[in-house]
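Remarks on the structure that follows.
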Amino acid sequence: MFKENEVYIGSPLDEQSLKQFYSKELLHWYRAQKRSLPWRENKDPYRIWVSEIMLQQTKVDTVIPYFQRFMERFPTVQQLAVAEEEEVLKCWEGLGYYSRARNLHTGAKMVVEHFGGVVPNDKTEVASLKGVGPYTTGAIMSIAFNEPVPAVDGNVMRVLSRFFLLQDDIAKQKTRVSIEHLAVSLIPEGEAGDFNQALMELGALVCTPKAPVCLTCPVMEHCAARLNGMELQLPIKTKAKPPRSEWRGVVIVEGSGEQTGKILVRQRPETGLLAQMWELPHLLLPEEKGKQWFQETATKKEPQLARLLGEMLVEEQQLIIRPTQWLMDIDHIFSHIHWKMRVYIADTSTANDWMQSDRVAETANSIAEESLPDQQSGYTTSITVKEELADMYRWIGKQDLEQLPFPNVFVRILQQYWSE
DNA sequence: TAGGCGTGGGG
DNA sequence: TCCCCAAGCCT
């Protein structure tokens with residue numbers, strides 16, 4: 001990329017003049033071109049805070065409706081602080097990175113408990129809030145309080161890497177710190193909020209990753225990347241590892257008897273992936289079989305995979321149900337995992353025969369004796385779950401879906417299921 | 001320090 | 001279809 005001893009074209013301006021040019025032109029451009037966004041209506045630090053958390057790794061267009069709904073439901077930091085976690089998560093459903101919501105909720109409680117219910121205007125105190133890192137600290141301090149603290153995100157690193165021809169790998173933390181020093185030195189006196197937003201606005205509207213619109217850029221004249229024809233090669237960033245694949249079997253368990261019309265869902269653990277959200281029961285399938293059987297058509301190999309899934313549900317989750325009817329295959333890609341899911345409807349009406357057979361019955365009987373002594377014999381009309389797992393599970397109807405937070409992939413599955 | 005942690009849109 | 005990515009933080 002950058003060669004040893006290569007000579008690059010530079011601007012004729014000295015460093016000081018170049019910085020002054022950059023700051024002045026960019027600020028001027030921002031004042032004329034800035035978008036009208038909900039969180040720009042006022043400088044309420046709580047609103048700024050919420051918006052900045054939502055905007056982490058998330059596009060403006062995606063955030064807008066979530067922000068409006070969130071602010072209607074939790075207009076003040078006090079109201080957020082006293083809310084139920086589940087309701088906060090429900091408000092965040094579909095936005096992703098759900099630890100942001102849980103951390104924001106924790107942060108709101110911290111504000112009420114430690115800062116008298118007022119979002120602090122001190123850099124160290126702001127940075128102490130759960131979920132608020134270096135970028136968000138700078139964004140809150142500069143936008144809400146107009147304090148000259150840098151707010152360096154991916155946009156800022158890209159924009160400054162190009163203009164100043166910086167060749168450090170922006171995936172490294174050290175690079176962000178060095179760019180923070182540069183960014184501080186660019187902030188015009190008394191203009192921290194607008195200038196920091198101007199940097200990001202330029203990155204979002206003009207100096208974009210794939211196809212920068214240089215001809216509309218207010219600082220094109222002295223942009224080092226542009227002068228050297230290198231705007232598409234900057235910034236330098238090491239590539240992320242591709243997500244690993246996981247093959248998963250999912251069941252929609254249809255209730256019978258009192259639970260007719262309902263399905264079985266469960267809540268995920270308090271930590272880790274999709275923490276505390278609700279989901280359909282599902283299992284990680286053995287690597288080889290999952291991979292092999294998913295390559296066949298669903299219908300062709302259905303009996304084998306359905307049977308395996310049923311046995312695994314009994315042995316691992318101790319869910320006494322029988323998956324039979326294939327519903328759909330669906331992919332869901334996280335940043336680091338690729339879920340390849342095969343969804344079955346579990347037919348409880350034939351579970352009796354199922355339970356009579358071979359090792360399934362053995363396992364089922366031992367479970368019943370151990371942890372569910374009151375369970376009536378036969379499994380045709382009820383579902384048993386191992387006692388210590390029972391708290392996680394719940395029967396819900398279609399309308400209950402509106403109360404509980406579900407990850408997007410399960411929302412999609414259930415939409416299809418209920419649309420048929 | 002590097003990996004865990006979601007989702008939807010654009011080229 | 002595939003790949004990249006977008007206003008990061010936590011551990």
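The chains referred to below are lettered A, B, ... by the order of the sequence lines, with proteins before strands, and numbering in each begins at 1.
Nearer to the 5' terminus of DNA chain B, by closest-nucleotide assignment, is the contact made by A:K172 (compared with the other of A:T271 and A:K172). Ranked by how close their nearest DNA chain C nucleotide is to the 5' end, A:L129 and A:A240 are led by A:A240.
The separation between A:Q173 atom CD and B:dG3 atom C1' is 13 Å, rounded to whole Å. Rounded to whole angstrom, the span from the NZ atom of A:K237 across to the P atom of C:dC3 amounts to 17 Å. One can place CG of A:L232 at 16 Å from P of C:dC4, the figure rounded to the nearest angstrom. The separation between A:K241 atom NZ and B:dA2 atom P is 11 Å, rounded to whole Å. The separation between A:L104 atom CG and C:dC9 atom C1' is 13 Å, rounded to whole Å. For the pair A:I53 CD1 and C:dC10 C1', the interatomic distance rounds to 12 Å; values are reported in whole Å. A:Q276 has its CD atom 14 Å from the P atom of B:dC5, to the nearest Å. Between A:R102 atom CZ and C:dC9 atom P there is a gap of 16 Å when expressed in whole angstrom units.
At a threshold of 4.0 angstrom between heavy atoms, the contacts of A:P134 are confined to the sugar-phosphate backbone, with no base atom among them. Counting any heavy atom pair closer than 4.0 Å across all strands shown, A:T136 reaches sugar-phosphate atoms only and no base atom. Residue A:R158 is in sugar-phosphate contact alone, with no base atom involved, counting any heavy-atom pair closer than 4.0 Å across all strands shown. Using a 4.0 Å heavy-atom cutoff across all strands shown, A:V63 reaches no nucleic acid atom at all. At a threshold of 4.0 angstrom between heavy atoms, the contacts of A:R268 with the nucleic acid are absent.
Take A:R40 and apply the salt bridge (Lys or Arg N to Asp or Glu O under 4.0 Å) test, not counting sequence neighbours, and it matches A:E201.
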The contact string for nucleotides 6-11 of chain B, one letter per nucleotide 5' to 3', using protein heavy atoms under 4.0 Å with B, S and - for base, sugar-phosphate only and none, comes out as BBB---
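A:T62 places no side-chain N or O within donor-acceptor distance of the main-chain N or O of A:T58, the cut-off being under 3.5 Å.
Aromatic ring centres of A:F334 and A:H332 lie closer together than 6.0 Å. Ring pair A:F70/A:F74: centre-to-centre distance below 6.0 Å.
Counting only N and O atoms by type, the side chains of A:W39 and A:N42 include no donor and acceptor under 3.5 Å apart. A side-chain donor-acceptor contact under 3.5 Å links A:E86 and A:W278.
Counting non-hydrogen atoms of other residues, nucleotides and ligands closer than 6.0 Å to NZ of A:K19 gives a total above 12.
With both ends at atom P, the span from C:dC3 to B:dG6 equals 22 Å, rounded to whole Å.
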